[in-house]
K.L.:
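Before anything else, here's the structure in question.
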Amino acid sequence: MNINPRTPEAYKLFHDGILALCRAEQQGFRVDVEYIENKKNQLTRKIERLEQEFQDSDFYKHWQHTVKGKINIYSNQQLAHFLYDIKKIEPPKETVSGQGATDEDALKTLNIPVLNNLLTIRKLKKVKDTYLDAFAREQVNDYIHPFFNLHLVRTFRSSSDSPNFQNIPKRDEEVMKIVRRALFPRPDHQLIEVDFSGLEVRIAACYHKDPNMIRYIEDKTTDMHGDMAKQIFKIDNFSKSEHHVLRQAAKNGFVFPQFYGDYFVNCANNMACGWLKLPAGSWKKGQGIKIQDIYASDHMISKGLTSLSKFEKHVQEIEEDFWGNRFKDYAEWKERWYKLYKKYGYIDLVTGFRCSGVMSKNEVINTPVQGAAFHCLLWSFIEMDKRLTENKMDTKLIGQIHDSMILDVNPSELEEVQRMVRKITCEDLANTWQWINVPLDVEIETYEVNGNWTQKIEEDE
DNA sequence: GGAACTCGCCAC
DNA sequence: AAACGTGGCGAGTTCC
C-alpha cells in the first residue's frame with residue numbers, strides 16, 4: 001500500500017507534526033529510577049518463588065520427564081507439545097500456524113490449577129521485562145525519551161518505540177499501578193491527559209453521515225452502548241450503573257469489533273466466554289460472572305438463551321438489525337466506499353492523503369477512519385505545541401497515544417492550559433477542517449502535583 | 001552471532 | 001462470500 005499527501009495542507013500536517021513530536025521527545029517523561037530498581041528486585045524475588053512452587057508440582061515433574069534436552073517453562077512450543085501431544089488433551093484453539101495455543105485464554109479453558117501459577121509468572125515477567133527493564137535501559141538522567149514515528153503505520157496513525165509510549169498498561173489494575181508508579185512529571189509539576197471522547201466513531205460519521213449515529217453523538221441523553229447491551233442481553237429495565245459489565249461487554253465485544261469488520265460468531269463467543277466467563281456448549285445455573293446478585297448464566301437462561309449456539313443465533317439477528325436498520329446509511333457507505341476503491345484502486349482521506357495498492361475490504365473501510373481520527377489529534381498536538389512555545393510557557397507536551405495527549409504542567413498554568421486545550425480541540429479544529437460535521441469533545445484527567453501517573457485527582461460533578 | 005520467524009500480550 | 005483494524009516488543013526458535 002502506498003501513501004502520499006495530495007494537498008499542501010496534508011504535507012504541512014506531517015511536516016509540522018514531526019517537529020512537534022520531536023520537541024516532545026526531547027522534553028521526555030520523568031521516571032523514578034530508584035523505584036524501578038526496587039520494584040524490579042521485588043518482582044524478581046516473587047517470580048523466583050513462583051517458579052519454585054511451579055517446579056514442585058507433579059505437572060512440572062511429568063513435563064520434565066518428557067522433554068528431551070533442557071526444559072524451559074517459558075517455551076510455548078514445549079508446553080504445547082506436552083499438553084497436546086504427550087497428555088493428548090484436545091487444544092481449545094490453535095495458533096495461526098496450527099500449533100495448539102498456549103495463551104491465557106487456552107490455558108484457563110484447560111482448567112489445570114497449576115497453570116494459573118504459570119500465568120501469574122508470565123504476567124509479572126511481562127511487567128518486568130517489557131516495561132520496568134525498558135524504562136531503566138532507556139532513561140538518561142531520570143528521563144525517558146520515547147520516539148514518535150509518523151512514517152511507519154499503514155493507516156497514517158503514529159507509532160512509538162524505545163520505549164513504546166503507546167502500550168503502557170491501563171486495564172489490569174495491579175499491573176497498571178506497578179508500571180505507572182514509575183512515571184512522574186518534572187519536580188513540582190503535574191501530569192494531565194487529554195482524551196478525545198469516541199473520536200473514531202465521530203470521524204467515521206464525517207464520512208458516512210448516518211443520521212442515527214449522528215443522533216447518538218449529538219444527543220447526550222442517548223447511549224449507543226447501553227442500547228446495544230439492552231438488545232443483546234434482553235434487559236428490561238436497563239440502568240448504566242447496574243448493568244455496567246453488560247454494557248462494557250456490548251461495547252468492547254460487539255460494537256467496536258463490528259465497526260472494525262468482525263462478525264457475529266466471534267462477537268458472540270467474545271461476549272459469552274470472554275466477558276461473561278460462560279463455557280462453550282449449553283449453560284447451567286450458577287455459571288459465569290455475577291451481574292448484581294445473579295449469575296450470568298441464570299440471566300441468559302431466563303431470557304431463553306440457554307447455550308452458546310442459541311446466543312450466537314441471537315447475535316446474528318442483532319448484527320442484521322445493526323447494519324440493516326440501526327446504521328443503514330453507515331452500511332451503505334461501507335459498500336459505496338469499497339466499490340470506489342475497486343474502481344479506482346485508491347481511497348482519499350478527508351485530510352488530503354491518498355492510499356493506493358492492495359488492501360482488503362476491512363482495510364479499505366478502516367483506514368480512512370483511523371487515519372483521519374489520528375490527524376485530528378496531530379493537528380491539536382501541533383497547535384498546542386505552537387501556543388505553549390509562543391507564550392513561552394513552562395508546560396510541555398510529552399507524549400501522545402492516537403487520540404490523547406499527555407502534558408507535564410506547571411500548576412500555575414493549569415487553568416490556562418485547560419482552556420487552551422478545550423478551545424483548540426473543541427472549536428479551532430472544527431473551524432479549520434470544514435468536513436468535521438459532528439461536535440468533538442475531550443475529557444481532561446488531572447494528576448496530583450508531584451504525583452505519579454496513578455494519582456488522579458477525582459473531580460466532583 | 002545476527003536476521004527473521006512465531007507466539008503471546010500490552011495499547012488504541 | 002467471508003469474517004477484527006493498527007502498532008511495538010520480549011522470549012523462544014530456526015536458519016544462515
Side-chain angles (χ1 to χ4, degrees), chain A residues 1 3 69-81 93-107 118-119 121-134 137-138 146-172 175-176 178-180 193 195-196 198-201 203-204 252-270 274 315-316 319 323 334 338 355 359-371 373-374 377 399-406:
Chain A
M1 183 170 106
I3 62 174
K70 205 169 179 303
I71 184 172
N72 180 349
I73 61 167
Y74 299 112
S75 164
N76 292 317
Q77 210 177 48
Q78 286 189 19
L79 180 57
H81 179 249
K93 61 175 182 179
E94 290 182 349
T95 66
V96 224
S97 71
Q99 180 186 276
T102 55
D103 62 6
E104 181 178 5
D105 191 39
L107 297 191
L118 188 60
L119 288 174
I121 297 174
R122 266 193 201 166
K123 183 165 112 172
L124 298 177
K125 258 185 88 69
K126 168 96 181 165
V127 172
K128 183 186 163 291
D129 295 345
T130 307
Y131 299 104
L132 299 185
D133 278 349
R137 188 180 61 239
E138 298 289 342
F147 291 111
F148 294 98
N149 315 297
L150 286 184
H151 63 297
L152 296 177
V153 182
R154 300 165 66 87
T155 58
F156 301 97
R157 266 192 181 175
S158 62
S159 71
S160 169
D161 65 87
S162 309
N164 182 351
F165 183 68
Q166 296 178 321
N167 70 347
I168 312 279
K170 188 170 193 176
R171 286 163 204 172
D172 184 311
V175 171
M176 181 276 276
I178 295 174
V179 177
R180 295 190 179 218
E193 199 174 342
D195 227 280
F196 274 101
L199 186 60
E200 284 192 8
V201 168
I203 295 312
N252 297 314
F254 183 82
V255 179
F256 286 145
Q258 285 286 330
F259 289 160
Y260 286 136
D262 205 358
Y263 79 126
F264 68 94
V265 173
N266 287 338
C267 293
N269 264 281
N270 195 337
V315 176
Q316 181 174 18
E319 183 185 275
W323 293 113
K334 292 205 293 188
Y338 186 49
C355 316
M359 285 181 269
S360 69
K361 185 176 180 184
N362 282 341
E363 256 182 303
V364 169
I365 286 155
N366 285 318
T367 298
V369 177
Q370 278 196 5
F374 171 67
L377 184 278
Q400 156 274 125
I401 316 175
H402 308 305
D403 65 356
S404 70
M405 41 190 165
I406 289 80

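Being a predicted model, the structure only gives us computed values, none of them experimental.
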K.L.:
Between the base of B:dC12 and the side chain of A:Arg157, is there any donor-acceptor pair under 3.5 Å?
P.N.:
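Donor-acceptor pair under 3.5 Å: yes.
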
K.L.:
Of the nucleotides C:dA11, B:dC7, B:dC12, which has the atom closest to the A:Ile401 side chain?
P.N.:
B:dC12

K.L.:
Students often get this wrong, so: under 4.0 angstrom with heavy atoms, is A:Asn366 touching a base, only sugar-phosphate, or nothing?
P.N.:
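Sugar-phosphate contact only.
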
K.L.:
Once hydrogens and angles are ignored, does a donor-acceptor distance under 3.5 Å link the base of B:dC9 to the side chain of A:Lys126?
P.N.:
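Answer is yes: a donor-acceptor pair is held.
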
K.L.:
Identify which nucleotide among C:dC4, C:dT13, B:dA11 has an atom closest to any side-chain atom of A:Gln78, counting heavy atoms from C-beta outward.
P.N.:
C:dT13

K.L.:
Does the side chain of A:Asn72 reach to within under 4.5 Å of the side chain of A:Gln78, using non-hydrogen atoms?
P.N.:
yes

K.L.:
Quick one: A:Asn76 CG to B:dC9 C1', roughly how many Å, whole number?
P.N.:
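The answer, rounded to whole Å, is 11 Å.
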
K.L.:
Do A:Asn76 and A:Thr95 touch side chain to side chain, with heavy atoms closer than 4.5 Å?
P.N.:
no

K.L.:
Grab the CZ-C1' distance between A:Phe148 and C:dT6 for me, whole Å please.
P.N.:
16 Å

K.L.:
Atom CZ of A:Phe264 to atom C1' of C:dA2: distance rounded to whole Å?
P.N.:
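Atom CZ in A:Phe264 sits about 11 Å away from atom C1' in C:dA2.
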
K.L.:
Give the rounded distance in Å between these two atoms: CG of A:Asp403 and C1' of C:dG7.
P.N.:
14 Å

K.L.:
Report yes if some heavy atom in the side chain of A:His402 is under 4.5 Å from a heavy atom in the side chain of A:Val153; otherwise report no.
P.N.:
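A side-chain contact under 4.5 Å is absent here.
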
K.L.:
Is there side-chain contact between A:Ile406 and A:Ile401, with at least one heavy-atom pair below 4.5 Å?
P.N.:
yes

K.L.:
How close or far is atom C1' of B:dA11 from atom NZ of A:Lys123, stated in whole angstroms?
P.N.:
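Between C1' of B:dA11 and NZ of A:Lys123: 17 Å.
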
K.L.:
Would you mind classifying the nucleic acid contact of A:Ser404 as base, sugar-phosphate or nothing, using non-hydrogen atoms under 4.0 angstrom?
P.N.:
nothing

K.L.:
Measuring to OP1 and OP2 of C:dA11, would you say a side-chain N or O of A:Ser75 lies under 4.0 angstrom away?
P.N.:
no

K.L.:
Hey, is the side chain of A:Ser160 poking within less than 4.0 Å of OP1 or OP2 on B:dA11, counting only N and O atoms?
P.N.:
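Indeed not, no polar side-chain atom of A:Ser160 lies that close.
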
K.L.:
From C-beta outward on A:Pro257, which listed nucleotide comes closest to its side chain: C:dC4, B:dA11, C:dG8?
P.N.:
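It is C:dC4.
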
K.L.:
I want to check one thing: is the phosphate of B:dC7, taken as OP1 and OP2, less than 4.0 Å away from some side-chain N or O of A:Arg122?
P.N.:
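Answer is no, no contact under 4.0 Å.
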
K.L.:
At less than 3.5 Å, do the side-chain atoms of A:Gln166 and the base atoms of C:dG7 form a donor-acceptor pair?
P.N.:
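Side chain to base: no pair below 3.5 Å.
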
K.L.:
Report which part of the nucleic acid A:Lys170 touches: base, sugar-phosphate, or nothing (heavy-atom distance under 4.0 Å, all strands).
P.N.:
sugar-phosphate

K.L.:
When you measure from the side chain of A:His402, which nucleotide among B:dT6, B:dC12, C:dG10 comes out closest?
P.N.:
B:dC12

K.L.:
From C:dC9, B:dC12, B:dT6, pick the nucleotide closest to the side chain of A:Ser162?
P.N.:
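The closest nucleotide is C:dC9.
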
K.L.:
Quick one: do A:Lys126 and A:Glu104 make a salt bridge, cutoff under 4.0 Å?
P.N.:
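Salt bridge between A:Lys126 and A:Glu104, a charged N being under 4.0 Å from a carboxylate O: no.
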
K.L.:
How close or far is atom P of B:dG8 from atom CG of A:Asp105, stated in whole angstroms?
P.N.:
11 Å

K.L.:
Please tell me which of the listed nucleotides, C:dG5, C:dG7, C:dC4, lies nearest to the side chain of A:Asn167?
P.N.:
C:dG7

K.L.:
From the options B:dC10, B:dC7, C:dA11, select the nucleotide whose nearest atom is closest to the side chain of A:Val96.
P.N.:
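The closest nucleotide is B:dC7.
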
K.L.:
Looking only at the side chains, is there a donor atom on one of A:Gln258 and A:Glu319 sitting less than 3.5 Å from an acceptor on the other?
P.N.:
yes

K.L.:
Between A:Ile121 and A:Tyr74, does a side chain to side chain contact (heavy atoms under 4.5 Å, CB included) hold up when you go through it step by step?
P.N.:
CA-CA 10 Å; A:Ile121 297 174; A:Tyr74 299 112; 3.0 Å; yes

K.L.:
Looking at the side chain of A:Val153, which of B:dG8, B:dC10, C:dT6 is the nearest nucleotide?
P.N.:
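So the nucleotide nearest the side chain must be C:dT6.
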
K.L.:
What I'd like to find out is whether the side chain of A:Phe165 reaches to under 4.5 Å of the side chain of A:Phe148, using heavy atoms alone.
P.N.:
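The answer is yes; the side chains approach within 4.5 Å.
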
K.L.:
When you check the phosphate oxygens OP1 and OP2 of C:dG8, does a side-chain N or O of A:Ser159 lie under 4.0 Å from one of them?
P.N.:
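Indeed, a polar side-chain atom of A:Ser159 lies that close.
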
K.L.:
Go through C:dC9, C:dT13, C:dC4 for me and flag the one nearest to the A:Gln77 side chain.
P.N.:
C:dT13

K.L.:
Name the nucleic acid region contacted by A:Glu104, choosing base, sugar-phosphate or nothing; use a 4.0 angstrom heavy-atom cut-off, strictly under.
P.N.:
sugar-phosphate

K.L.:
Determine: side-chain N/O of A:Thr95 to OP1/OP2 of B:dC7, distance under 4.0 Å, yes or no.
P.N.:
yes

K.L.:
Can you figure out which of C:dT13, C:dC4, C:dG8 approaches the side chain of A:Leu152 most closely?
P.N.:
C:dG8

K.L.:
In whole angstroms, how far is the P atom of C:dG7 from the OH atom of A:Tyr260?
P.N.:
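That distance rounds to 13 Å.
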
K.L.:
With a non-hydrogen cut-off below 4.0 angstrom, is A:Arg180 in contact with a base, only sugar-phosphate, or nothing?
P.N.:
nothing

K.L.:
Measure from CG on A:Leu124 to C1' on B:dC9 and round the result to the nearest Å.
P.N.:
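The distance from CG of A:Leu124 to C1' of B:dC9 comes to 14 Å, rounded to the nearest Å.
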
K.L.:
Does the side chain of A:Asn266 get closer than 4.0 angstrom to OP1 or OP2 of C:dC4 through an N or O atom?
P.N.:
yes

K.L.:
Using a cut-off of 4.0 Å on non-hydrogen atoms, how would the nucleic acid contact of A:Asn72 be classed: base, sugar-phosphate, or nothing?
P.N.:
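The residue A:Asn72 makes sugar-phosphate contact but no base contact.
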
K.L.:
Identify whether any heavy atom of A:Ala134 sits under 4.0 Å from a base atom; if not, whether one sits that close to sugar-phosphate; answer base, sugar-phosphate or nothing.
P.N.:
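If one applies the 4.0 Å heavy-atom cut-off, A:Ala134 turns out to touch nothing in the nucleic acid.
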
